[in-house]
Protein chains: 2
Amino acid sequence: MSGSLETLAAIEIPDVMAAACPSRRILNHVTSRWGVLILVALSRGKMRFSALRRHIGGVSERMLAQTLQTLEADGFVIRKSHNVVPPHVDYSLSPLGHEAAEKVADLVFWIEENLTRIPGALPEETTPVSAKTG
Amino acid sequence: MSGSLETLAAIEIPDVMAAACPSRRILNHVTSRWGVLILVALSRGKMRFSALRRHIGGVSERMLAQTLQTLEADGFVIRKSHNVVPPHVDYSLSPLGHEAAEKVADLVFWIEENLTRIPGALPEETTPVSAKTG
DNA sequence: TTGACCAACTTACGAATAGTAAGTACTTAC
DNA sequence: GTAAGTACTTACTATTCGTAAGTTGGTCAA
């Protein structure tokens, strides 16, 4: 076998802590503000653009379209356009997308279920602290 | 029992899909660009500010300090300052922080392990697509 | 005894990103 | 004939982020 240790050593192991690692880019897409919610929403099945817009509170059409395109380019989301008028476009998760969505959903559900245990989740009563990142 | 169904119905169940739900804010903190990496970094034990800065590639002091403050305010991170000169400050995870970090780390590790399966992880060779969100 | 230095921040400001609102194309309904 | 629905795109503005420099207060070398 010519697949020696030297050859194997040339294969870079992904490390998110490295700024230039592609995994960093993927992580940012998946954990982006709307990316997380899109993955969770689509984990139950396909949805139309307007349905996603209604389902995900607070998302703008611009951000929804942009984030869907990013996730599609990454290979997590599948876009299927039926050529009819008015337009009908279905979005769904690829097998890869389902795997990622599962991890993301685990986090989301943990937050929902444990919200009362999280001090920062209280509606910041009289705390004069400058609450960053919104 | 006076704890009737009406009373129970008044308790709001957290839903990230609702824009105003506090869970949304927590989710944004935990999945923020540097929040994710801080949680993963601290999941192995306490670290000093400068050690975190070196460990997390690409993070600026400004963003590190800001994100640490947000996670501390949420109750995920514990800041312990030893009053010495030069300053010595240790950051660690609270029990709650460890739970959250576990979920986040699951996602991060999945991305690292499956990176080669993710089409969008390729260094975008000659694709003329406008790659958003960096 | 000035001065450099360290760690952990903080502040100022230009750059990038996100959000708001309006525009587009096409057809059905009133 | 105009209002509405669908899936976007474009223009503009607000917010956030990143870079670089400043701050604090003791230690240590010159």
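Letters go in sequence order (proteins before strands), and every chain restarts at 1. The model shown is predicted, which means the values in this text are computed figures rather than measured ones. Atoms considered below: every heavy atom in the structure, side chains included; atoms not considered: hydrogens, waters and symmetry mates.
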Any side-chain heavy-atom pair from B:Lys103 and A:Trp110 closer than 4.5 angstrom?
-> yes
Measuring to OP1 and OP2 of [N], would you say a side-chain N or O of [X] lies under 4.0 angstrom away?
X: B:Arg54; N: C:dA7; value: no
X: A:Gln69; N: D:dT9; value: yes
X: B:Trp34; N: D:dG18; value: yes

Among D:dT9, D:dC17, D:dA21, which is the nearest nucleotide to the side chain of A:Ala65?
-> D:dT9
Please determine, for the side chain of A:Arg33, which listed nucleotide (C:dG19, D:dT6, C:dT10) has the closest atom?
-> C:dG19
Aromatic ring pairing A:Tyr91/A:Phe49, orientation class (parallel under 30°, perpendicular over 60°, tilted between) =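 Ring orientation, 0 to 90° scale: tilted.
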Report the C-alpha separation of B:Val40 and B:Ile56 in whole Å, then their side-chain angles, then the decisive distance to 0.1 Å, and conclude whether the side-chain contact (heavy atoms from CB on, under 4.5 Å) test is met.
-> CA-CA 10 Å; B:Val40 171; B:Ile56 302 173; over 6 Å; no
Any chain of hydrophobic side-chain contacts (each under 4.5 Å) joining B:Leu107 to A:Ile13?
->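 As far as the 4.5 Å side-chain criterion goes, A:Ile13 and B:Leu107 are not connected within one cluster.
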Take A:Thr70 and A:Val77, measure what side-chain contact (heavy atoms from CB on, under 4.5 Å) needs, and give me the verdict at the end.
-> CA-CA 9 Å; A:Thr70 300; A:Val77 163; over 6 Å; no
How many Å lie between CD on B:Glu61 and P on D:dA21, as a whole number?
->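 Whole-Å distance recorded here is 13 Å.
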Residues touching DNA chain C, which here means a heavy atom under 4.0 Å, drawn from residues 43-51 of chain B | B:Arg48, B:Phe49, B:Ser50
Using the 3.5 Å cut-off, write out each protein N or O paired with an N or O of nucleotides 10-13 of chain D and the distance between them.
residue, atom, partner, partner atom, Å
D:dA11, N6, A:Arg62, NE, 3.3

For DNA chain D, which residues in residues 81-93 of chain A have a heavy atom at a distance below 4.0 Å?
-> A:Pro86, A:Pro87, A:His88, A:Val89, A:Tyr91
